[in-house]
Amino acid sequence: MNKLPFFLLFFMLLTLGVGIYLSVYFVTSTSTETIPVGILHSLTGTMGASEQNVVDATLLAIDEVNAQGGVLGKKIKPILFDGASDWPTFAKGAEKLITQDKVEVIFGCWTSASRKTILPVLEKYDHLLFYPLQYEGLEESPYVVYTGATANQQIIPGVVWAFHNLGKKFFLVGSDYVYPRSSHAINKEVIQALGGTVVGEEYIVLGSQEVDHIIKKIVETKPEVILNILVSESNVPFFKKLREAGITPEKVPTISFTFAELELKALDVKTMIGDYTALNYFQSIDRRENEHFVKAIKAKFGADRVVSDYMEAAYFGVHLWAQTANIAGTTEIKQIRKNIKNQAYNAPEGIVSIDQNNQHTWKIARIGKIQSNGQYNIVWTSEKTIQPIPYPTEYRSKEEWDKFLNDLYIGWGGKWSAN
Amino acid sequence: MVSQLNLKNVPIISVFFISILMLLIFAIGYRFGLQWTVIEQQNNLLKFARERIKKVNEYVQNRDMILNVLIENKNVYEAFNEKNDLSKNEQLKTLITTYSEANDFKNILLINNSGKIIFSEIEKEKFSINLLQSPYNTTHLGRSYAQTMMSLTMSISSFEFDYILREQTLYIIKPIFFNQMLKGFIAAQINPEFIYKITHNYFDLGVTGEVILGEAVKNGTRIIAPTRHIPYQLIETIESTSPKIENPLHEAVLGQEGKGIGFDHRGIKTINGWGYLPVLGWGLVIKVDYSEVENAFNWLYYLIYGVLIISIITGIIVQKNTQFFSRIFSYINVKLQITVGFFCTTLCIFGLLIAVITLLYQYRILKHETIQDVHAIAETKVNNASEEITKELNQVIVRVQSIAEDLSLGRLKKEDIVIRMERDLKENPVLFGLAVAYAPYTYDATKKLYAPRSTKNEFKNNTIKTSFVEASFDYTSQDKTTASWYQMPMTQNKPFWLDAGKDVLTNAFIIRYAAPFYDVADKNKEKPIGVVVGDYNIESLDAIAQKLVIGETGYAFVLSKEGHFMYHPHLKLVTEGATIFDIAQQQNNKGLYMVAQKIMNNQSGKEYYQEIGTLDTIWVHFNNIPQVQWSLGLVFSEKEITASPEDIRHMRMWILSLSVLLALLISFQVCRIIFTEDYILEAFAIASSLIFLIALVILIFIIYYEPVQIQKGKEAIISNETSLKAFLNEQQLKAQAHYEQLSFIPTGILLHSITFPDNDHISFTGYVWQKYDVKDKSIIRGFQLPEATTYGSYKLSIEQVYYNVTGDVETIGWKVSATLRQYYDYSEYPFDRHRATIQLAPKDQKHTIMLIPAFSDYRDINNGKLLGFDTETSIDEFIAQKSFFSYVTTLQAVSYDDIQEVASTKTMLEYHILLIRGLLNAFIIYIVPILVILFSLYVVFYKITDTGTAIASYTGLLFALIVLHGNLRNNYNIGGFLYIEYLFFLAYVTLFLFIIHVLAWTRKEKADYLTKILRLFFWPVQFACWFIATLIVFYY
């Protein structure tokens, strides 16, 4: 038999074989594997209504990441756990997500009390939480990536701005748990450093509607500015009673730190026009990325949905984690922790980045004034992102702040809130 | 003996298969090899970027820590308690100076809680400045101070030009606490050398590597430090979106880390690694030109060509050793009868054919890949801009309709109308004005008309002023030019968008939305009692359009649903109410007319037309703005966005060269098949002459018709009003920061003639005109030509011939005749190209004046004619291809280590004409005579057999050649060779050979052989030499 046709035939068969192999390889390379991630928030209880919004924003970001090809070519699979506004349940939820569901990361927690409760669980399993809420600081855990603001990125600019623009006599009000207590402790230090005065300070149990005594005190002490860190449902009776007592924004403006577009929906906006909120994100920010974010939220969850600061922080937290995992080439916690330093993301609020030392986020601070349409008119914004400083050591040392927190914890009977 | 091959069982496909396989292996090798190298380079660049980012972070952190030590010093925090002038506090001064020098700070400032600078280490001018007050609150130091003051946290300023210190400065600012009390702030000026060390470290970055630092600004990205390719870039530059694909710097400044291929600030394809510096908010890109990597990899290309050459040589060897190879071929055992030489030549032909096809394919990719990228970008840009415009127009509609609705429902009281309008204007940046116009006696039974109107004053910080329209004219009149905004909604009882135009009261160019409102009792809204009007300033469209520039002359326009220009960079078209159809008719351009029709019918898409005169392909991307049925268009010229003309020329030359080789081989094979052995050489000589002649003509076409491109230097090219506005905005900002009052003087130029008296000069005659504000007599009228020479026979004449005052505008015209000193390179004669430049400067040197191109006066700007030319302009033997304005900044640099810093700058207007030489002159004067000499040489050689007559004839031809050559050198006396001289040298060599031939006549046998060779290959060799010389000269 002639060898040349055989030679040709061999090459043709080889080419065909390689072609078939490559086709099969590319068709089957689209993996069906998923990466489980945990979402740990309250869906019921006093925090349920608020935290549901953060869950929605987290799910939206997960959808977007999956639509862009997922993480390392795999889709992310969210596993949800309801913390039920109960801090021990949060700890149980964290343990379940880590040990049973084998999640690679947890996105969750709203209150500092819930975060502090699950910290020992995270430490035990060397795991990682992306925490989306602005908080008091005074913490620097390698087990948490903080995408919300620290005091110097939100509360302090709010107080300083109020001092220069609204008045120098302050009344402090808040829910009785670790975040408002600690934040007001910092506020008092800042007011003192600036030369202002604190005329009163009152707290109510988290979720409580009993606000009469606070209103009475405010009327009596005649402050020039109210600094409000009431959380969630307590804001509604507080502002209603405040107006009933004749205290309007024109007379005594309130500057809030946890009250935003979502909470405003529950109140008569007309009575709120002129009050302020200090946050890092407002729905009214004029940026292309924000426009996309707001549109996406409305498209997915309904045209009447409004967007708030913590939703945005939860949203970009997911993107940051996915971006880091793709760069690191793994979802392994240690590698994520190593690679997330200096990682930046063009978020709806602006370009945010993770600090190389403390896993907190460099963020832009903003102060918004409530308008008739239920949105905020931004009256002040920082020039650039502000460095996150968890411990404001200008006023007390780190040890003194730690002692302050420990005293609170002991005072509340080994819990992070009064109830 | 001719060997016979029997190749029956070697089907022709096997020859193809082996050739294709071989070239495929090399092509794949090239492709993957290059790809692998590029990926490797990207990884390296990303690694470099990460390392440098880490260094910057560490450096900044160190500065922060170092400052912490200083602010804990008693002398520093106690300084804030002092009532006296701190500049006299020697102890403090010594402390800070020592500290500053030891820690690489350039200056240290102390600022109190009220924003006042109470101490400055080196700069007295900064004392007592209050950073919270205008204009210092808008400086980078002022802005950063405000951030630190509010957050009580360290902040780092932008890296911006400080007009007091006259250098780029970067500050780190920190609050100072003592005993838990805020004492004040410290601002330390960081030595920028650390930045330059980053951007000037090219280690491992080859010859084209560059490090760029940039930050995001509103209109794009700003390069903030000098780079390798822009060494003087110390003054801010807004970098518009790249005309090709997005620049990696845009990604970097938006916080992304990455690697990949992109196009840089010069529009050049680069391999990049990039990242973000969170501490400073900067993006960093490290890149090398793609061509550098590609060139380094060209050995595979050479390998491919080497293999082809080896194939040819092998063919020859095979032919020479037929017996040996015939045994090998016989072994294959085939029956087809062909010669080994034929077989090998055929193999070479297939190889070359494949090479030519491969190159043609690559050429296609080179030409079209970039165009596809640009189309994709253009589409995205147009869509985004449409969305942006829609959003802005919606804001106008919403405000107008909400006022109309509130008036109709009685929610807005008559007495609150002005307050409401002023509030709405204040809250909405896109609104220029609001008005409410009542129908006669509907506002008040005793008052016929009532129409309050609030407008913004752009020149006074957007302050709002309210006036009454009825005081100026009767808006209920039927005058369409002034009252259509009232008449149309009233008569047709529906809202309207009105065409763009100049507002009679404010002189602003506006687009107006008018909606009727009704009496509270008129529930069915049947009879309007007035109109609410919202004005949208065309300047807002201008800001959007400025982002839509693609290529050098690209621009955007907006059309109303009737085809009227609502926005066009040539504002006159808007003010005159011109339509796109008018332009098409005026230019007699059917293509443009068709495109216009498609724009008016389609929702979105892209179309093209040929420009009359230049025959350039012009692309128009368009999209509909649904709310108002307008169309947004983006126009750009295809030739401005294709791959670089140099790359295309190289590729074309390679294709041509290989095609010539291929044609020669084919013609040789054909000659062997058709002719008997005696005539093969003759036939081949004729065929090869024709091949080289055709190739020469094609080569000349390639060189001569290569698109003329503006070689961008440091100047800012101003091709239309859009690019002018963008440039002037930037200049205005700089002037404001420098507290200078900048005056713009529109200046136009119209040329009558241009001549080139010698290599170093250009003479021109023409008109220059300028427009002044008639009220401002302090400015000295006139202009200067800084490059004009007046020595010897050169004269400068500027004679005023025109003066006119219309309204506030004083127009002065001068007749100009001048000779400017400029060097021209004629080495590529007659295919040389030149840029003639006329630099214009204001006569008045006391004021800060910028001459600006008077675009609105160039009537024919859109008729395919060149700017500054009329039909009678004569330019020696040249043809003008393009004319444009530019600004050049002349720098006076001072040395700072190895970095150049700008001491002062001056921005001058320049008018340029790009010229190519008309070939007719050179053809008649030189080419035809050379051809005649060569032909005569050939005839003498062919016909004259007598030695004496032959030598006499050759001497005569040599003399003619020398005279012609002498004439050429007299006319173009340059140092080196002219291209055309190669033709002369070739003729000399030919003559020399022919003379040798005459001398060899005595040895008949040799002479016969030589005669045969010379006769056969005279023309093929002549044309081949011309071809090769042209190829070599114009390849580089």
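Order of the sequence lines sets the chain letters (A, B, ...), proteins ahead of strands, with each chain counted from 1. Given the structure is predicted, the values throughout are model-derived calculations rather than measurements.
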Looking only at heavy atoms and a cut-off of under 4.5 Å, which of [options] has the most pairs with chain B?
{"options": "Pro157(A), Ala151(A), Gly158(A)", "value": "Pro157(A)"}
{"options": "Gln192(A), Gln356(A), Arg396(A)", "value": "Gln356(A)"}
{"options": "Asn346(A), Thr381(A), Ile351(A)", "value": "Ile351(A)"}
{"options": "Leu194(A), Ile327(A), Asp355(A)", "value": "Ile327(A)"}

If I measure from the heavy atoms of chain A, does [X] come under 4.5 Å with its side chain, its backbone, both, or neither?
{"X": "Leu280(B)", "value": "backbone"}
{"X": "Ser157(B)", "value": "backbone"}
{"X": "Lys391(B)", "value": "side chain"}
{"X": "Val253(B)", "value": "backbone"}

>> Surrounding NZ of Lys116(B) (heavy atoms of other residues, nucleotides or ligands, distance under 6.0 Å), is the total greater than 12?
In response: no

>> Within the supplied structure, the quantity of interest is the number of heavy atoms (other residues, nucleotides, ligands) at a distance under 6.0 Å from Lys403(A) NZ; does it exceed 12?
In response: no

Report which part of [X] has an atom under 4.5 Å of a heavy atom belonging to chain B: side chain, backbone, both, or neither.
{"X": "Asp286(A)", "value": "side chain"}
{"X": "Trp362(A)", "value": "side chain"}
{"X": "Gln153(A)", "value": "neither"}
{"X": "Asn357(A)", "value": "side chain"}
{"X": "Glu291(A)", "value": "side chain"}

Atom pair [atom1]/[atom2] of [X] and [Y] - distance to nearest 0.5 Å:
{"X": "Glu394(A)", "Y": "Ile71(B)", "atom1": "CD", "atom2": "CD1", "answer": "8.5 Å"}
{"X": "Glu257(B)", "Y": "Gln343(A)", "atom1": "CD", "atom2": "CD", "answer": "6.0 Å"}
{"X": "Asn57(B)", "Y": "Asn342(A)", "atom1": "CG", "atom2": "CG", "answer": "4.5 Å"}

> Within the distance-only criterion (no hydrogens, no angle test), does the side chain of Gln180(B) pair as donor or acceptor with the backbone N or O of Tyr395(A) below 3.5 angstrom?
Replying inline: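 Checking the backbone N and O of Tyr395(A) against the side chain of Gln180(B), a donor-acceptor pair under 3.5 Å is found.
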
> Do Gln147(B) side-chain atoms and Glu383(A) backbone N/O form a donor-acceptor pair below 3.5 Å?
Replying inline: yes

> Trp380(A) and Ala146(B): which non-hydrogen atoms are nearest, and at how many Å?
Replying inline: CZ2-O, 4.4 Å

>> Quick check on side chain to side chain contact (heavy atoms under 4.5 Å, CB included): which of Ile386(A), Val190(A), Ile389(A) does Leu152(B) satisfy it with?
In response: Val190(A)

> Based on non-hydrogen pairs under 4.5 Å, which of Leu182(B), Leu254(B), Ile53(B) is most in contact with chain A?
Replying inline: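 Option with the greatest count: Leu254(B).
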
>> Can you confirm whether Gln387(A) sits close enough to Ser151(B) that some side-chain heavy atom of one is under 4.5 Å from a side-chain heavy atom of the other?
In response: no

> Going through the distances and angles, do Gln323(A) and Gln256(B) end up as a side chain to side chain contact (heavy atoms under 4.5 Å, CB included)?
Replying inline: CA-CA 9 Å; Gln323(A) 184 178 300; Gln256(B) 295 301 298; 3.8 Å; yes

